[in-house]
Amino acid sequence: VGDLERALASVVGAAQVLVDDDVRSGYEVDWTGRFRGRTPAVVRPGSADEVAGVLAVCRSLGAAVVPQGGNTGLVGGGVPLAGEVVLSLRRLATVGPVDRLAAQVTAGAGATLEAVSSAAAPCGLDVGVDLAARGSATIGGMVATNAGGLRHLRHGAMRSAVAGIEAVLADGSVVSHLGGLAKDNTGYDLAGLLCGSEGTLGVVTAVRLRLVPRLGDDLTTALVGFSSVDDALVAMRAAGVLEAAEVMFPSGLALLGTPPVSAPVVVLFEWAGSSPGVPDLPGVLDAAVATSSSQRAALWWWREAHTEAVNRLGPPPHKLDVTLPLGGLSGFVASVPSLVPPGATVVVWGHLADGNLHVNVVGPPPDDDSVDDAVLRAVAAAGGSISAEHGIGTAKKRWLALGRSEAEIAAFRAVKRALDPDGLLNPNVLLP
Ligand SMILES: Cc1cc2nc3c(=O)[nH]c(=O)nc-3n(C[C@H](O)[C@H](O)[C@H](O)COP(=O)(O)OP(=O)(O)OC[C@H]3O[C@@H](n4cnc5c(N)ncnc54)[C@H](O)[C@@H]3O)c2cc1C
């Protein structure tokens with residue numbers, strides 16, 4: 001550790017190499033508390049060149065590296081489970097001037113989503129990807145996980161928002177393509193390759209982001225109750241252009257109190273424009289509508305508070321973020337209780353339009369992954385994906401072959417070998 005610490009300090013300065021137990025500990029455990037490891041040092045570079053210097057040191061000393069942004073990832077991909085050095089990108093937090101003509105901005109990898117959204121606001125612009133962890137999740141982490149979130153039905157995942165990237169590769173070279181040209185067909189899409197690469201192919205240091213028109217307060221939000229998932233889906237299709245469609249169930253809502261709408265299935269719909277009531281939708285049992293920003297925030301709270309409420313239940317949750325074909329969503333939801341051990345608590349919510357469910361199971365010990373196995377196999381059998389938006393991380397790498405063929409995984413390995421032949425970057429993530 002002495003050599004490593006000294007060599008890292010020669011690149012970033014001693015103050016940016018954290019080795020005290022109590023300072024490191026926050027970087028060693030993930031947001032859910034399920035994944036906990038140990039690191040010899042947390043290193044906090046302040047520029048892309050310093051990132052390159054850190055990687056050179058780690059390569060020469062044979063120390064593997066885990067890049068970390070806001071540490072809000074939910075698949076154990078950003079914590080040092082095998083004694084890696086933690087490379088924290090949070091100091092790269094600069095947000096450049098907003099280019100109003102192009103509707104773009106360049107942000108450092110460590111800038112939070114909230115910081116970028118606030119910088120875009122005075123220009124009437126916003127980041128198209130939004131998620132409840134916006135105050136901590138970083139742009140670099142969101143690119144590395146290809147985050148989806150609450151507006152995916154409208155604007156797609158992070159990959160759609162990326163117009164260019166600067167990254168440091170494992171050999172220390174800096175690849176920078178931040179011009180943000182609308183059309184630029186000049187070879188391989190390195191930025192696209194880094195989206196969803198979970199820190200295994202390069203360290204993202206800056207991102208050129210495409211922005212979208214800001215919605216402001218001219219919105220209508222409603223909690224709408226249905227008797228079944230199928231009824232909710234039919235109504236969603238009849239609802240026109242939606243800004244959000246988030247699904248919840250009584251088991252999750254009950255953790256938060258008595259919701260304004262009580263029904264077997266509750267969906268938060270959001271539309272652009274103010275309307276005094278819910279459009280005439282089929283199958284509606286009950287509805288609560290909000291148009292003022294404070295009322296809308298109160299309805300959103302019922303959805304966004306789910307994640308923390310599950311964490312408060314006690315033992316760290318098993319979080320299974322999956323996609324089902326829309327036609328199979330209702331049957332899958334009905335089958336979930338039969339997939340978990342007796343006595344476990346199951347809480348499900350998700351992004352309805354994407355067929356994306358967050359299946360949370362509380363009860364089984366963190367290292368018992370039999371419930372993960374049962375749920376992920378059921379998802380694959382139903383034609384779904386074992387990771388909708390959180391990525392594979394360490395939590396799901398055992399099951400990658402449920403969603404990817406041997407040939408695809410071989411191609412993944414070839415890409416990894418080409419860009420990181422020594423296995424320096426997140427060697428324990430993604431690939432089984
Ligand atoms: C309350 C809550 C709500 C959430 N809601 C959503 C949601 O709706 N949709 C969604 O998709 N996710 C959601 N998430 C998950 C999480 O916020 C996202 O995965 C987010 O993109 C992670 O960003 P981060 O900066 O915290 O990354 P981290 O957790 O620090 O890292 C995540 C992964 O990216 C890698 N990484 C981080 N930074 C870099 C970098 N600069 N270069 C290369 N690799 C890097 C890490 O090694 C790790 O593999 C939620 C999480 C919480 C806690």
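Remember, it's a predicted structure, so these values are computed and weren't measured experimentally. Indexing begins at 1, ligand by ligand and atom by atom, following the structure's order. Numbering of residues begins at 1 and proceeds along the displayed sequence.
- Considering backbone and side-chain atoms alike, Ala144 places every N or O at 3.5 Å or more from each N or O of ligand 1.
- A salt bridge does not link Asp369 with Arg34: none of the charged nitrogens is closer than 4.0 Å to a carboxylate oxygen.
- For ligand 1, the polar-atom distance check against Gly73 finds a nitrogen or oxygen pair separated by under 3.5 Å.
- Short contacts between ligand 1 and Thr138, defined as distances under 4.0 Å to a heavy atom of the residue, involve ligand atoms 24 (P), 25 (O).
- Between Ala109 and ligand 1, a contact under 3.5 Å exists for no N or O pair.
- Side chain to side chain, Asp126 and Ser117 meet the donor-acceptor criterion of an N or O pair below 3.5 Å.
- At under 3.5 Å, not a single nitrogen or oxygen of Gln68, backbone or side chain, sits near a nitrogen or oxygen of ligand 1.
- In terms of polar-atom proximity, defined here as any N/O pair under 3.5 Å, Glu389 does make such a contact with ligand 1.
- Residue contacts with ligand 1: Gly202 is included, with a non-hydrogen atom under 4.0 Å away.
- In this structure, His351 is part of the shell of residues with a heavy atom less than 4.0 angstrom from ligand 1.
- At least one heavy atom of Gly148 sits under 4.0 Å from some atom of ligand 1.
- Where the criterion is an N or O separation shorter than 3.5 Å, residue side chain and backbone included, Gly69 meets it with respect to ligand 1.
- Using a 4.0 angstrom heavy-atom cutoff, Val429 does not count as in contact with ligand 1.
- Close approach to Leu89 involves these atoms of ligand 1, each under 4.0 Å from a residue heavy atom: 41 (N).
- Of the candidates Asn426, Thr39, Asn428, Asn428 is the only one forming a side chain to side chain donor-acceptor pair (under 3.5 Å) with Glu84.
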